[in-house]
Amino acid sequence: MAQKAPRLKLARSLDRSLVVIFVAGFSLAAMEGFLLPVAGPMGHVMVLFPVVTVVYLLAGLRAWHRRPGNRLGALILLGGFAVFLNGMSNSDIPVFVAASTIGSTLILAVIVHMLHAFPSGRLKGRLSKVTVLAAYTNSLLLQVPSYIFRTNSDVPFLALAESPLIVGLARWLQLWAGAVVMLATAVVLMSRLVEADAGQRRVLLPLFAYGTFAVIFVPLVAQVLSPLLGLSMDVRAALQLIVIGGIPLAFGHGILRGGFAKTGELEELGSWLGASGGARSALAAALARALGDPTATLSFWLPRQGIFVNEDGSPAPLLSPGANRGQEDIVLGSRKVGAIAYDTTVVEEPALVRAAGQVVAIAVDRERLTVELRESYGALQRSRERLVDAADRERRRIARDLHDGLQMQLVLLALEAAHLAKSSGADADAAQRATRLRQGIDSAAAELRALVHAVMPAALIERGLAAAAEDLTDRMPIPTMLELNLDGGPLTSAVERTAYFVLAEALSSALKHAKASRIQVRLVAKDGWLRLEVHDDGQGGADFNAGTGLRGIADRVDVLGGFLELASTPGDGTLIKVELPCA
């Protein structure tokens with residue numbers, strides 16, 4: 001399951017702003033419901049105004065929240081405000097009646113704007129821009145004569161003079177301008193239907209048809225159908241409000257659920273990549289969110305091995321036949337850099353997955369290089385570990401050969417020398433020489449045993465790190481305190497050997513160079529790490545560059561991916577801290 005993509009600070013700020021818009025919009029709808037005559041003969045129609053306003057409010061806020069980079073949510077909210085204004089013409093407050101009269105047909109221009117701006121919320125092409133501008137001009141400017149030159153309107157205080165001729169001319173201009181706007185809109189929408197693929201057309205066709213129907217139906221029912229069918233004012237108004245109320249539901253559904261409606265999500269994904277830097281786990285989560293498929297996974301192509309791998313470098317699983325899983329390669333230029341695996345029952349259009357891959361191709365290529373580098377580093381690390389293991393095995397072999405071969409020969413020679421010294425046929429001088437020979441052989445055997453112990457101590461091989469550390473500190477000629485706790489889990493032989501040789505070198509350095517009089521040793525395994533601390537009270541001044549001993553243990557620690565810290569202030573002792581991963 002892909003992780004959820006974290007919301008950016010800007011998105012959280014948008015959420016707070018949308019809450020404020022909701023509170024303000026709901027307050028306006030509640031005020032409208034309070035001011036309109038809902039208890040009168042047309043009360044059932046008056047109730048529809050705040051209801052439709054709230055429908056626009058909720059649909060617009062949901063679309064804006066789900067698609068922050070899409071302007072269609074804001075357009076839906078503008079439509080809700082136009083419905084609110086239209087309803088306030090029935091109130092008794094002059095300022096609201098005046099505002100309603102001015103914007104009485106604003107909702108039609110907003111619907112035309114939404115049709116042209118779907119799905120991104122932005123107008124594309126000069127014809128769309130000119131058409132939408134003409135729609136707003138027709139709705140706002142050509143509406144002016146209807147109240148400026150009518151003294152018997154609902155807002156007589158706005159009238160300048162009485163001129164039925166100008167009012168009639170303005171209505172004629174509005175009618176023909178509206179027809180031209182709808183004709184241009186039909187041309188734009190038909191061209192988009194022709195250019196769309198099958199999945200997009202399934203969304204566009206019913207949406208465009210309903211939006212066009214709403215724009216035509218609202219004035220048609222007032223000018224033609226009402227006189228023709230004898231519709232009462234309340235029936236006509238109710239029909240208009242019901243048709244207009246379906247607009248936000250249709251457009252909200254289209255931008256959130258449509259077969260090609262993820263266009264907005266892919267735009268957000270591109271913006272998100274620029275803002276977040278495209279962290280690996282967050283990148284996969286953002287892809288899953290953009291595609292609407294929580295099972296979508298991201299893999300990276302390693303051309304040298306010819307395989308797809310996960311972000312941790314492990315081989316990506318192959319697709320099983322009949323498992324409803326699809327995969328689309330991510331291509332940057334002519335190079336394959338990764339792939340997106342997805343559920344074909346959730347994402348039906350492979351083109352959507354390919355589009356998402358194009359958006360994140362650069363980020364995926366960067367992460368692919370990181371994964372490849374991590375894989376190469378892992379291979380290098382494993383190679384270094386094998387070299388250390390091989391060296392330790394060779395040390396063990398040398399120690400065993402010295403113990404079982406040369407040391408046994410020295411013991412036999414010592415026994416033979418002792419026998420010669422005690423033989424009755426030997427003179428006193430020969431007996432003394434044989435005794436000295438036996439003593440020399442015993443001394444050589446003792447030095448050989450010390451050498452064997454230094455090469456690979458028997459206690460470490462036979463009884464483990466704890467016993468070897470205790471044996472090592474017990475043989476120190478100065479007071480050495482050992483704090484030992486290795487109950488945090490089993491240790492690998494490589495970790496035990498490295499810890500032992502680090503401890504041995506640190507104790508030897510404290511004894512030979514630091515002139516310490518007391519040493520404290522702490523050896524603890526906890527939380528997947530083996531921690532070793534050696535602290536002496538010597539003269540300090542230890543340096544990695546001063547000899548090969550400290551450099552050698554630093555190299556061994558580095559091979560295992562551990563950390564070494566040296567603190568050695570002159571006159572203040574030396575502290576060596578080592579951490580080795582043992583999980």
Does [X] reach the main-chain N or O of [Y] with its side chain, forming a donor-acceptor pair under 3.5 Å?
X    : Y    : result
E579 : E565 : no
D537 : R518 : yes
S509 : E505 : no

Enter the distance from [X]:[atom1] to [Y]:[atom2] here, rounded to the nearest 0.5 Å.
X    : Y    : atom1 : atom2 : result
I340 : I330 : CD1   : CD1   : 4.0 Å
L486 : L523 : CG    : CG    : 5.0 Å
L61  : F26  : CG    : CZ    : 12.0 Å
M481 : M476 : CE    : CE    : 14.5 Å
D329 : W301 : CG    : CH2   : 8.5 Å
T498 : L532 : OG1   : CG    : 11.0 Å

Exercise for the section: Could you pull out the closest heavy-atom pair between L75 and A117, with the gap in Å? Expected result: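 In this case the closest contact between L75 and A117 is CD1-CB, 4.0 Å.
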Practice task
Return the minimal non-hydrogen interatomic distance between P581 and V495, and the atom names on each side.
Solution key: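 Nearest heavy atoms, P581 then V495: O-CG2, 3.6 Å.
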Practice task
May I ask you to test the I478-S517 pair for a side-chain heavy-atom distance under 4.5 Å?
Solution key: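 I478 vs S517: side chains apart.
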Handout entry: Non-hydrogen side-chain atoms of F118 and L207 separated by less than 4.5 Å
Key =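 F118 reaches L207 side chain to side chain.
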Exercise for the section: State which residues pass side chain to side chain donor-acceptor pair (under 3.5 Å) with T569; sequence neighbours excluded, sorted by chain then number. Expected result: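 T569 satisfies side chain to side chain donor-acceptor pair (under 3.5 Å) with no residue once adjacent residues are dropped.
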Exercise for the section: With sequence neighbours excluded, tell me which residues meet side chain to side chain donor-acceptor pair (under 3.5 Å) with T574. Expected result: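 Partners of T574 under the side chain to side chain donor-acceptor pair (under 3.5 Å) test: S568.
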Practice task
Given side chain to side chain contact (heavy atoms under 4.5 Å, CB included), test E328 with Y342 step by step and report yes or no.
Solution key: CA-CA 8 Å; E328 291 294 329; Y342 62 98; 4.0 Å; yes
Handout entry: Over 12 foreign heavy atoms within 6.0 Å of CZ, R354
Key =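 Buried by this count: over 12 neighbours within 6.0 Å.
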Exercise for the section: Evaluate the ring planes of F563 and W529, with Trp represented by its six-membered ring, and classify them as parallel (under 30°), tilted (30 to 60°) or perpendicular (over 60°). Expected result: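 Plane angle between 30° and 60°, so tilted.
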Handout entry: Chi angles and distances behind the side chain to side chain contact (heavy atoms under 4.5 Å, CB included) call for V578, L503
Key = CA-CA 10 Å; V578 172; L503 176 59; over 6 Å; no
Practice task
Evaluate the criterion side chain to side chain contact (heavy atoms under 4.5 Å, CB included) for residue pair L465 and L530; output intermediate values, then yes/no.
Solution key: CA-CA 11 Å; L465 178 61; L530 176 65; 4.0 Å; yes
Practice task
Let me see the working for K336 and F308 under side chain to side chain contact (heavy atoms under 4.5 Å, CB included), right down to the final yes or no.
Solution key: CA-CA 10 Å; K336 179 166 58 177; F308 287 102; 3.9 Å; yes
